[in-house]
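Order of the sequence lines fixes the chain letters, A, B, ..., with proteins taken first and strands second; residue numbering starts at 1 for each chain.
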Amino acid sequence: MSDFPDPDEEYELMYADELELLRDINESDDSNAVKRKQLPAKRSLDFSSPVINKTQITQGSNDIVSFNNSQPISQSLQPLDDYLTPKNASNKRTADDLFGDINDIDFEDIELPSKRQKTEEENDLELINRILESRKLKQSLLEPSRVKNDFQPTYLSKENLSLNIPRWPFMPLTNSDGQRIYVKLESEESWDSSLGITDQTSLHSTFAKAWEEARRVLEEKQNQKPEEAEQPIQVLETDANNNLLLEKYRPQSYLDLLSEEPVNRALLHWLHLWDKIVFNKEVKTSEPQQRNSFSKRTGQFQLTNKWKGKKEVEPEIDEDGRPHHKVALLCGPPGVGKTTLAHLLAKISGYRPVELNASDERSVEAFRSALQAATLMRSVLDKDRRPNCLILDEIDGAPLPTVELLVKWCTATVAEGKKKAKTHPLRRPVIAICNDLYATSLRPLRSVALVIQVGGATSERVVRRLSRIAAGERVAAAPRTLAALAARAAGDLRAALHVLALVRARVGAAGRQLKMEDVENAAIGTKDCHKTLMQALQAVFTVNDQNPDEIMKTIQAAGEYDRLVDGIFENYLSSRVDGRLLVACETMSWLRLHDTVSSWTMRTQNYSLYSLLPLCVARCHAVLATRTPLRVKFPMQAQEMYRKRQELECILQSVYAGCAPSVALSRNSLQLDVLPLLPYLLSPKLRSANVQLCSESERRSLTNCAAAMCDYGLQLVPRRQPAGLFALELEPDVYKIAFFGNEERARPPPALRQAIAREQQLEMIRRNEEMMTKGSGKENTKEGKLKSDKEKSKEFMEARVPNHLQRLQPKILEKKSQQVHKDFFGRIVPISQVQRSDAVPDVISSSSVFYQYREGFNNAVRRSVRTRDML
Amino acid sequence: MSLWVDKHRPRDLMKLDFHKDQAIRLKNLVQQSDFPHLLVYGPSGAGKKTRIMCLLRELYGSGVERLRQETMTFTTPSNKKIEIMTVSSNYHIEVNPTDVGIHDRVVIMDLVKNVAQTHQIDSSGQREFKVVILNEVDDLTKDAQHALRRTMEKYVATCRLILIANSISRVIPAIRSRCLTIRIPAPTETEIASVLHLVCKKESINIPSDLAMRIARSADRNLRRALLMCEACKVQQYPLTADQKVPEPDWQIFIRDTASTILSEQSPKKLGEVRQKLYELIIHGVPPDMIFAGLLKELVKNCDMAMKCQVASHAARFEHRMRLGNKPIFHLEAFVAKFMAVYKKFMEESLGDAF
């Protein structure tokens, strides 16, 4: 993108808003500000800025906007949006103030100065302001008393009254005490000017005060009339049969959305990043250079730098003109309006929302076809041929392969897409909606998606909305009851509306009146009251003065009594000063009871006593709770113990399984008697590691040791040490079972281990040989049997020939021809001579072992060697 | 077969070193044609298994000593494959059903049926029944014990069961009544000492009788442990002396150590330390009831008579609860906490009297 837009574009940009405003005025002449008009289909023509459609609202009530302009934007709304830094806002405000106090100025006139510097940033700021203003306007209409008025006439008595003779012009007066008072005289102009500033608002403020008081009185009398100042809600009347409150009062415009502003903005902004690829419209957001130039022109260099600081790290648009994040992932608790938000914003941005939710099939194939249908095609039958925006609702329930397919689809670039026909790059926005952001199946998606957390609306906004709806449905509801309902629902507007619907449906004496009991009895708000284990633990260890009975609820909400009890067990020692250990005894008695009851429950599968378990925990709370804050540790010891126990159990099991059958004994005695003493037996005391130098008895103890190792299936195996050397280690490591942390001291020295290992291998070979000889003996007999069987069968076959046909065959005697010995020259050597010469070498050649004795000096230790030893 | 425990194990009923009259009775039992199911019980290291092997040898001859180890596979009703190791000869099969935990019922049902339904091929000159040895019957689940009940009666013609248990208190009465129960008491210390002398003589080693007595005393009337300790002594230092150090199983030392920690100071902080030690013991597979017993034995040494009773009754109560429960550490710590509280009160009172 160039620094400056080309002249045509610039013109369009400059006047786009005005053009649209004009058209909007023509089209929607009705003064109703809230009603949303359907967008024209060809967005590419008229779209220039994200929420430009809002202008009609502000336009609709122009005079009030300008009145509002004179007020500073409330501080609380500012941090909601990252597009709106406080400094930025204040700058803007001064500009607004400049124009704002002129009552009869045209709305366009206010905008003109900003239009001239037509950049995205300025647009954004301005739009935010406009939205905030219109919000404020709405708010002020609904609750006039809430409007803060900064221009209250201040009459400072100190400045204007004096007991002494002042220096300014004055008028002397005498009060009832007979004291003299000097009142300041002011010129008429100055008085006029002060009035000029304030007269407009002072009226309003007095009204607000009166209103406040009136409302209080009304509330006290339990007058359940709906608020009069409420603006009647525009109800979608197209579907007369549709009397589900939820559908009826679904937000129809951006301003109706209850979710927080930054959330809405973030999603909307992301949707607009798609404009380039969907509508072929330039999106001006991410070029840092352009922003720099803009900032130079407006002299807001620092400001813009700060503003874009975060964005510069990550370009919002990749080289294909698509947003960096291909998928937006909305997450939040149920009922806060995620689906509504997605649908509405998609519609506002000019898309046709296509929803795919848990009710549709979500196998990989089905998902692929749906994805293709939604992102590559465009509806032909609709009269407004708008591009699709795929909304994947409840994606956290989708199987992992499906999500992986989506991720693959998203990450495919344009170039890749050209090469492979199979994976087209994603060309339409995809909004995924989930409750649980950290569901395992969403893990691949989280990294590539733009994650937007949708929180519940604040309860006062929910109350306001509920009261409007209640009024619309002619359900009488006191504000207090509605507040209770909102608190109960905790952001879940859907559940709250269902309660209202229930009241509406009720007829008879009770009438359409929302009472406190209804709220109390409503089975809502219970699903999200889950407490974590740590919260419950903390609650157990702290005194709750306000609501002592709360602990029971907390414990039950946390569930997992078993873990909770573990947590108490691990933390109770540090909770209270307990010199005589009475607290410990008391606590342990409850924990023991819990253990007994819970294992009884599990064993008999009889849950009649299950409700006793939280009581045990609650009793522990009564014993342990303190006012001093305690750092509660997460219960880990039990797990850790279990892990270590398993480890040693495995060692024991391998020894147990490896025992020779002759020594096999029960596991318990192996563990308690044999293994603890085995290490002593496996480290014979030798004077030197060289076996040859040992005495006979030492050697015997060594063989004994080796034999014992063979019996119990132990081996010394070379292992690489951290230092890089190999060392022989016992496998399985019975030292770990035998000793309590000091096993290293009992291990024999490496040289000895070497000797034992060698001896043990020899012992193993010896035993194998024994087995082999036993086995081979058997095999031999088997083979013999087989052979004889074969012979038998042969004979049997022969025996088949009838006796009378059998003929005895004469046996041919084979004549052994005498071996003729020839000498080198071919002469025949006489036999007697041959036999004589062969007699000696024949002995050597017939044996397989040659032994040549070499004479010479040798100082090696001479010892007798057997063949067995060399094997 | 190289450790003394295995090497010098008596192989004949008549060569047993103690409980000789019982051995004679067993021999008579074998010689009668009517050989009932047996339930052999007694503490660990008393010689139950030795006697049973001698008995089998008496029944079948030396053929029972040709053992082989096999792994058998069973399928539970829930289609889970479980494996169990068996030791068997041609005449008997030995199995430890508790190895498979809660699936022991399947093992017992299938195994006993399997063995019982196959008759001895060559019954001439042999017994017409096989023997199934079940280890650790007292740890069997109730289900398994009930499964055993009917099988025992049904297949009595072809198969005899020898059940081994440490104590019959957890064997259901139905099984107890179907078996001839044989109690094998633990050898006394003098008996152990004499066995040690005998073994050392066979090994042609001199053992001072003082050392033999010391080993016998610290072996807790467990002959197996005594022999292992004796051999360990010999390996440690060959010419055995009367005052040499006797190696003990480390867990016994550790329990004593824990007890002394408890006695040294009674405070929540110490309780935390003790907990770590108890965890360590449990990790090393020392059964919690043995921890209870060991602790109690050490702790009451420092108590007067009234307190001894009190502490012992507490220990009994807590141990009973522990058997009902699932988390032994709770009950162990509860016992320690209780003892600490009682002990501290006692100490303060006695100190108060002193001043």
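Top candidate by heavy-atom pairs under 4.5 Å with chain B, chosen from A:Ser683, A:Ser697, A:Ser701, A:Ser666, is A:Ser666. When the candidates A:Leu672, A:Leu591, A:Thr587 are compared by the number of heavy-atom contacts under 4.5 Å with chain B, A:Leu672 comes out ahead. Top candidate by heavy-atom pairs under 4.5 Å with chain A, chosen from B:Val336, B:Leu281, B:Thr98, is B:Leu281. Ranked by heavy-atom pairs under 4.5 Å with chain A, the list B:Glu94, B:Glu65, B:Glu248 is led by B:Glu248. Per-residue heavy-atom pair counts under 4.5 Å with chain A were compared for B:Arg321, B:Lys344, B:Met340, and the maximum is reached by B:Arg321. No other option in A:Arg592, A:Lys644, A:Arg580, A:Gln653 has as many heavy-atom pairs under 4.5 Å with chain B as A:Arg592. For the set B:Gly272, B:Gly45, B:Pro287, B:Gly285, the entry with the most heavy-atom pairs within less than 4.5 Å of chain A is B:Gly285. Your options are A:Ser589, A:Ser669, A:Pro679, A:Ala638, and the one with the most heavy-atom pairs under 4.5 Å with chain B is A:Ser669. Of the listed residues (A:Trp600, A:Tyr680, A:Phe569), the greatest number of heavy-atom pairs within a distance under 4.5 Å of chain B belongs to A:Phe569. Between chain A and the residues B:Lys338, B:Gln266, B:Glu333, B:Met85, the largest count of heavy-atom pairs under 4.5 Å involves B:Glu333. By number of non-hydrogen pairs under 4.5 angstrom with chain A, the leading residue of B:Arg275, B:Lys234, B:Arg68 is B:Arg275.
More than 12 heavy atoms of other residues, nucleotides or ligands lie within 6.0 Å of NZ in B:Lys270, so this atom counts as buried by the packing criterion. More than 12 heavy-atom neighbours from other residues, nucleotides or ligands sit within 6.0 angstrom of CZ on B:Arg323. For A:Met636, the CE atom counts as loosely surrounded, since its 6.0 Å shell holds 12 or fewer non-hydrogen atoms of other residues, nucleotides or ligands. Counting non-hydrogen atoms of neighbouring residues, nucleotides and ligands closer than 6.0 angstrom, the CG atom of B:Asp257 exceeds 12 such neighbours. Environment of CZ in A:Arg758: sparse, with no more than 12 heavy atoms of neighbouring residues, nucleotides or ligands closer than 6.0 Å. Under a cut-off of 6.0 angstrom, the local environment of CZ in A:Phe634 is crowded, with over 12 non-hydrogen atoms contributed by other residues, nucleotides or ligands. Heavy-atom neighbours of B:Ile102 CD1 from other residues, nucleotides or ligands within 6.0 Å: at or below the threshold of 12.
A donor-acceptor pair shorter than 3.5 Å cannot be found between the side chains of A:Arg576 and A:Thr626. Defined by atom type and a distance below 3.5 Å, a donor-acceptor pair is present between the side-chain atoms of B:Asn96 and A:Tyr656.
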field: salt bridge (Lys or Arg N to Asp or Glu O under 4.0 Å) evaluation trace for A:Asp566 with A:Arg563
entry: CA-CA 5 Å; A:Asp566 278 343; A:Arg563 304 279 302 278; 5.5 Å; no
task: Show your reasoning for whether ring-ring contact (aromatic ring centres under 6.0 Å, His included) applies to A:Phe740 and B:His284.
output: CA-CA 8 Å; A:Phe740 285 72; B:His284 279 76; 4.1 Å; yes
query: Between B:His8 and B:Glu203, does a side-chain contact (heavy atoms from CB on, under 4.5 Å) hold up when you go through it step by step?
result: CA-CA 9 Å; B:His8 301 296; B:Glu203 286 281 327; 2.9 Å; yes
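Contact of B:Met290 with chain A is made through the side chain alone, with heavy-atom distances under 4.5 Å. If you measure heavy-atom distances from A:Gln637 to chain B, the contacts under 4.5 Å come from both the backbone and the side chain. With a 4.5 Å cut-off on non-hydrogen atoms, A:Leu648 touches chain B through its side chain but not through its backbone. Proximity to chain B (any heavy atom under 4.5 Å) is restricted, for A:Tyr712, to the side chain, taken from C-beta onward. Residue contact with chain A, scored on non-hydrogen atoms closer than 4.5 Å, involves the backbone and the side chain of B:Ile329 alike. Looking at A:Val565, both its backbone and its side chain come within 4.5 Å of chain B, counting heavy atoms on both sides. Contacts of B:Glu136 with chain A are made by side-chain atoms alone, with heavy-atom separations under 4.5 Å and no backbone atom involved. Looking at B:Gln276, the atoms closer than 4.5 Å to chain A (heavy atoms on both sides) all sit in the side chain, from C-beta outward. Both the backbone and the side chain of A:Ala708 have a heavy atom closer than 4.5 Å to some heavy atom of chain B. Contact annotation for B:Asn222: only side-chain heavy atoms (C-beta onward) come within less than 4.5 Å of a heavy atom of chain A. Proximity to chain B is absent for every atom of A:Arg643, based on heavy atoms less than 4.5 angstrom apart. Interface remark: A:Leu682 contributes no atoms to any contact with chain B (heavy atom separation under 4.5 Å). Both the backbone and the side chain of B:Ile282 have a heavy atom closer than 4.5 Å to some heavy atom of chain A. Both the backbone and the side chain of A:Glu570 come within contact range of chain B, with heavy atoms under 4.5 Å apart. Heavy atoms of A:Ala657 lying under 4.5 Å from chain B belong to its backbone as well as its side chain. Of the two parts of A:Val674, the backbone and the side chain both hold a non-hydrogen atom closer than 4.5 Å to a non-hydrogen atom of chain B. For B:Ser44, the part lying near chain A is the side chain, with the backbone staying farther off; criterion is any non-hydrogen pair under 4.5 Å. For chain A, the nearby parts of B:Arg225 are the backbone and the side chain; heavy atoms of each come within less than 4.5 Å.
Annotation: cation-pi pair B:Lys277/B:Phe254 present, NZ/CZ under 6.0 Å from the ring centroid and within 45° of its normal.
Aromatic rings from B:Phe292 and B:Phe335 are positioned such that their centres are separated by under 6.0 Å.
Ring orientation note: the planes of A:Tyr735 and A:Phe739 are close to parallel, at an angle under 30° on the 30°/60° scale. A tilted orientation is assigned to the rings of B:Tyr343 and B:Phe346, their planes being inclined by 30° to 60°. A perpendicular orientation is assigned to the rings of A:His594 and A:Tyr561, their planes being inclined by more than 60° (bins at 30° and 60°).
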